[in-house]
Amino acid sequence: MDFMITEVVKGLKQLYNQDVEESLISIQDTRKEFEGQATIVVFPFVRFSKKSPEQTANDLGEYLVANLEVVTAFNVVKGFLNLSITNSYWMDLFNTDLLRPDFGKIPSNGKKVMVEYSSPNTNKPLHLGHVRNNLLGYSVSELLKANGSEVYKVNLVNDRGIHICKSMLAWQKWGEQETPESSGLKGDHLVGKYYVIFDKEYKKEIEALKLTGQTEEEAKKNAPLIREAQAMLLAWENGDEGVISLWKRMNGWVYDGFAVTYKNLGVDFDKYYYESNTYLLGKDTVDEGLEKGVFFKKEDGSVWIDLTADGLDQKLVLRADGTSVYITQDLGTAQMKFDDFGMDESIYVVGNEQDYHFKVLFLILDKLGKSWAKGLYHLSYGMVDLPSGKMKSREGTVVDADDLIAEMVATAKQKTEALGKVDNFSEEEKESLYYKIGMGALKYFLLKVEPKKRLLFDPAESIDFQGNTGPFIQYTHARIKSLLSKAGFTAGVLVDNQIELSATELEMIILLAKYPAEIAAAAKTFSPASLANYIYEVAKMFNKFYHEIPPIVKEENEQLKQHRLNLSWVTANVIKDGMRILGIEVPERM
RNA sequence: GCAUCCAUAGCUCAGCUGGAUAGAGCAACGGUUUUCUAAACCGUAGGUCAUAGGUUCGAAUCCUAUUGGGUGUACCA
């Protein structure tokens, strides 16, 4: 439609002798109730046309009909100029653009982007909140790749700290040498079990201390368990061999467990970073900031930054004893990541409870004069809520990722079997299909919602297989595949551009043609959700088309048959490719 | 208190840089299968876009205030 904008600019120049920015011209789809396919809003032009909106639209309409061959007619409704465009224009577009095997592939834009996501703690298994993070991180990565960027996916593992020591200590005390092998538990679940035990015992100690007259706060500080955990952390930092080897052993169990969950989720990483390696970073950056006068030192030796002029608070960046806080290592890690990859943009996929932290982090890096600071972006997403309230991992009231996956696959199995369409599938094919459908439902459900919005997850009712869902889209794809094979479709056969198009066929071409623009728009806003909703539109449109025309397989007019198959083929390609970006597989049959 | 995000149909969500009569799905009700997969399609019903102002030819969209909710405001990570 770019040629249309160019022509409108020329027309306005000729009609009213006015130069107009292209951005002032908005071309949109004509609403169904009116004649035409493209609509130009003329209100912005009346200022210089000095005529009524209707008259202005008429002038422009006449100009376009006279000067553009593809525009055959126009009508004016209020300030809206509706243009009728020849079918052959759309057919040419379809033939030369959409039918190309590489339709939807966007050439490289030369940008390097890092996406950091997942970032789990190694003291407990992954839960539903992590699932949202992982799916978002993975699909945003794929989205940016599809838009022509070079993407590095990294996972910064939080493998040290007091919370890790809690699991370790509890295992030491009550674990009786239990291992994943001896217990049959997945490694991350085993470790998580001891994290919960720690919390339970810790709470008991607090209650006991409160009975002796201590306040809640004192009791929390003085409980023997927490003191032991702190001592363990200190020993760890001092390189105590016993603690380190226990740490390695238990972390190993967790990684084995995570590997399984990641595989099931279909996510992967180009590089892992570990906080046990990065937690001392950032002190150089602090020195740098002091030199540049960005930071200042208080009498006690602690280092701060004053952000009150930016509407934020004073923020500690280094303790008086010289040890790091959270933001210290994030400053150092940001520098290290840039030194490693030299990326133009860096996306942090982290929940919205850390909005403030990242605001501060990016602001500090900018004040330090880091040229790359403007390429940093916090992809913030809302929490996943349950009808019963919040998930609390310490209390074990979470929706566990592995349980959820298993449940989804089981539901897919049950629903598929009830439909009785898989009788001629092998056992292996069945298992693979149930997995694809179950995960498709889960992934689509989580991804179709705008990241920054909170998401309500009702295990009993939320996951559906009808309507705007993953399986609906998968089903549409499978249906097209079945159609193409029954009809003996060959790709790459062009149909004469004079062929008659139905209203739905025309709508489909227009919708499908938007695919590359949809990818670009979704990439720009880091939002898989908009792409997900677009794919749904495509699938819905196909189903409508499929129902309102007679069976294609039996169509005797070869041109018509080939054209309808072409249309189906492009639809299937767009669905498959779009779903791939979302990290969702589409089966060939279901 | 301050900061920040959110509020659209009974429920879950769309609604692009302001554009025409605000759209889907689920749930409810009715219909469609001797023809390519009915996990589909068609129809009915369902709305004061939280409230009140403002800007504009035009506001769900932008601005201000108010209400309700989430999150943050740690020398935790």
Side-chain angles (χ1 to χ4, degrees), chain A residues 23 26 28 30-31 33-34 39 41-44 46-47 52-53 77-80 82 119 121 158 160-163 275 279 300 302-304 311-313 315-321 323-327 329-330 351-357 359 380 382-383 385 390 412 415-416 418-419 421 437 441 445 448-450 452-458 461-462 464-476 478-487 517-518 521 524-525 529-530 532-534 536-537 539-540 542-555 564 568 589-590:
Chain A
S23 59
S26 90
Q28 46 194 267
T30 302
R31 293 181 68 109
E33 56 267 39
F34 302 113
T39 293
V41 185
V42 302
F43 288 110
V46 300
R47 188 171 45 79
S52 68
V77 182
K78 292 190 268 182
F80 299 89
N82 301 322
S119 310
N121 291 328
N158 188 342
R160 67 167 285 281
I162 190 77
H163 52 290
E275 282 202 14
Y279 79 105
D300 66 354
S302 56
V303 181
W304 296 74
L312 303 172
D313 303 317
K315 183 88 189 166
L316 177 91
V317 294
L318 196 71
R319 294 192 188 104
D321 63 4
T323 56
S324 307
V325 288
Y326 180 39
I327 202 151
Q329 38 171 311
D330 263 10
N352 63 8
E353 67 274 10
Q354 295 204 37
D355 284 355
Y356 181 75
H357 171 75
K359 211 167 154 182
S380 164
M383 309 200 330
D385 290 320
K390 273 189 216 167
K415 297 216 177 194
T416 306
L419 287 169
K421 294 182 188 175
I437 295 175
F445 181 77
K448 76 174 177 191
V449 179
E450 203 56 44
K452 76 173 167 187
K453 294 210 178 175
R454 310 171 50 179
L455 194 148
L456 182 72
F457 184 85
D458 187 335
E461 296 171 23
S462 284
D464 211 326
F465 289 72
Q466 270 138 26
N468 188 358
T469 66
F472 169 85
I473 296 167
Q474 291 172 319
Y475 173 73
T476 307
R479 206 184 204 189
I480 296 173
K481 281 312 176 90
S482 159
L483 166 66
L484 292 176
S485 90
K486 278 199 178 142
E518 287 293 334
K524 196 174 169 190
T525 52
S530 66
N533 284 296
Y534 168 76
Y536 171 62
E537 291 296 323
K540 211 165 46 147
F542 177 82
N543 282 320
K544 179 184 155 92
F545 161 75
Y546 185 84
H547 267 269
E548 67 184 28
I549 56 167
I552 298 173
V553 175
K554 295 187 178 160
E555 179 59 54
R564 288 176 175 169
S568 306
R589 33 182 210 142
M590 68 185 271

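Letters A, B, ... are given to chains in the order of the sequence lines, protein chains preceding strands, and every chain is numbered from 1. Model, not experiment: these values are computed from the prediction.
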Counting side-chain heavy atoms from CB outward, which of [options] is closest to [X]?
X	options	answer
A/Phe472	B/A40, B/A14, B/C13	B/A40
A/Ala478	B/U37, B/A39, B/A14	B/U37
A/Phe465	B/A77, B/A39, B/C42	B/A39
A/Tyr546	B/C76, B/C36, B/C13	B/C36
A/Asn543	B/A14, B/A40, B/C75	B/A40
A/Leu483	B/C75, B/G72, B/C36	B/C36
A/Tyr356	B/C36, B/G72, B/A3	B/G72

Legend entry - Short side-chain N/O contact to B/U37 OP1/OP2 from A/Ser482, under 4.0 Å: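 The answer is yes; a side-chain N or O of A/Ser482 sits under 4.0 Å from OP1 or OP2.
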Legend entry - Distance test, side-chain N/O of A/Tyr475 to OP1/OP2 of B/A39, below 4.0 Å: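 True: A/Tyr475 side-chain N/O within range (under 4.0 Å) of B/A39 OP1/OP2.
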Expressed in whole Å, how much space separates the [atom1] atoms belonging to [N] and [M]?
N	M	atom1	value
B/G43	B/A59	P	30 Å
B/C11	B/C16	P	22 Å
B/G54	B/C2	P	26 Å
B/A20	B/C26	P	26 Å
B/U55	B/G69	C1'	29 Å
B/U17	B/G53	P	27 Å
B/A38	B/G15	C1'	30 Å
B/A9	B/A24	P	15 Å

Legend entry - Nucleotide pairing, RNA chain B (Watson-Crick or G-U, distances under 3.5 Å), in dot-bracket with [ ] and |: (((((((..((((.....[...)))).(((((.......))))).....(((((..]....))))))))))))....
Report all interatomic pairs (protein N or O, nucleotide N or O of nucleotides 30-33 of chain B) with separations under 3.5 Å.
none

Mind checking [X] for me? I need base, sugar-phosphate or nothing, with any heavy atom below 4.0 Å counting as a touch.
X	value
A/Arg454	sugar-phosphate
A/Leu455	sugar-phosphate
A/Asp300	base

Measure from [atom1] on [X] to [atom2] on [N] and round the result to the nearest Å.
X	N	atom1	atom2	answer
A/Ile480	B/C36	CD1	C1'	12 Å
A/Ile552	B/C36	CD1	P	12 Å
A/Phe545	B/U37	CZ	C1'	16 Å
A/Glu548	B/C42	CD	P	8 Å
A/Asp464	B/G25	CG	C1'	8 Å
A/Glu555	B/C36	CD	P	15 Å

Inset, instruction - Examine the base of B/U37 for any acceptor or donor lying under 3.5 Å from a partner atom in the side chain of A/Lys421, and report the outcome as yes or no. - result: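 Flag set: donor-acceptor pair detected.
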Inset, instruction - List for me each residue that meets ring-ring contact (aromatic ring centres under 6.0 Å, His included) alongside A/Tyr356, sequence neighbours excluded, and say none if there are none. - result: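 A/Tyr356: no ring-ring contact (aromatic ring centres under 6.0 Å, His included) contacts found.
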Inset, instruction - Please list, chain by chain and in numerical order, all residues satisfying ring-ring contact (aromatic ring centres under 6.0 Å, His included) with A/His357, sequence neighbours excluded. - result: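 Once residues adjacent in sequence are excluded, the partners of A/His357 under the ring-ring contact (aromatic ring centres under 6.0 Å, His included) criterion are A/Tyr326.
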Legend entry - pair A/Gln28-A/Val41: side-chain heavy atoms closer than 4.5 Å: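 They are in side-chain contact.
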Inset, instruction - Establish, from distance only, whether the side-chain atoms of A/Asp464 and A/Thr469 form a donor-acceptor pair under 3.5 Å. - result: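 Distance-only check fails for A/Asp464 and A/Thr469.
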Inset, instruction - Determine whether the side chains of A/Arg479 and A/Asn543 contain a donor N or O and an acceptor N or O closer than 3.5 Å. - result: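 Yes.
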Inset, instruction - Looking only at non-hydrogen atoms, find the nearest pair between A/Ser568 and A/Ile552 and report the distance. - result: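 Shortest heavy-atom contact: OG-CD1, 4.3 Å.
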Inset, instruction - Indicate yes or no for a side-chain donor-acceptor contact from A/Ser482 to the backbone of A/Ala478 under 3.5 Å, with no hydrogens or angles considered. - result: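 Judged by distance alone, no pair lies under 3.5 Å.
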Is there any protein nitrogen or oxygen under 3.5 Å from a nitrogen or oxygen in nucleotides 5-9 of chain B, and what are the pairs?
residue: B/C6; atom: OP1; partner: A/Lys452; partner atom: NZ; Å: 2.5
residue: B/A7; atom: OP1; partner: A/Lys453; partner atom: NZ; Å: 3.0

Between protein and nucleic acid, restricted to nucleotides 16-23 of chain B and to nitrogen or oxygen atoms under 3.5 Å apart, what atom pairs and distances do you find?
residue: B/A20; atom: N6; partner: A/Thr39; partner atom: OG1; Å: 2.9
residue: B/A20; atom: N6; partner: A/Asn82; partner atom: OD1; Å: 3.2
residue: B/A20; atom: N1; partner: A/Asn82; partner atom: OD1; Å: 3.3
residue: B/U21; atom: OP1; partner: A/Lys78; partner atom: NZ; Å: 3.4
residue: B/G23; atom: OP1; partner: A/Arg31; partner atom: NH2; Å: 2.9

Inset, instruction - State yes or no: are the ring centers of A/Tyr475 and A/Phe465 separated by less than 6.0 Å? - result: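 Centroid distance A/Tyr475-A/Phe465: not below 6.0 Å, so no.
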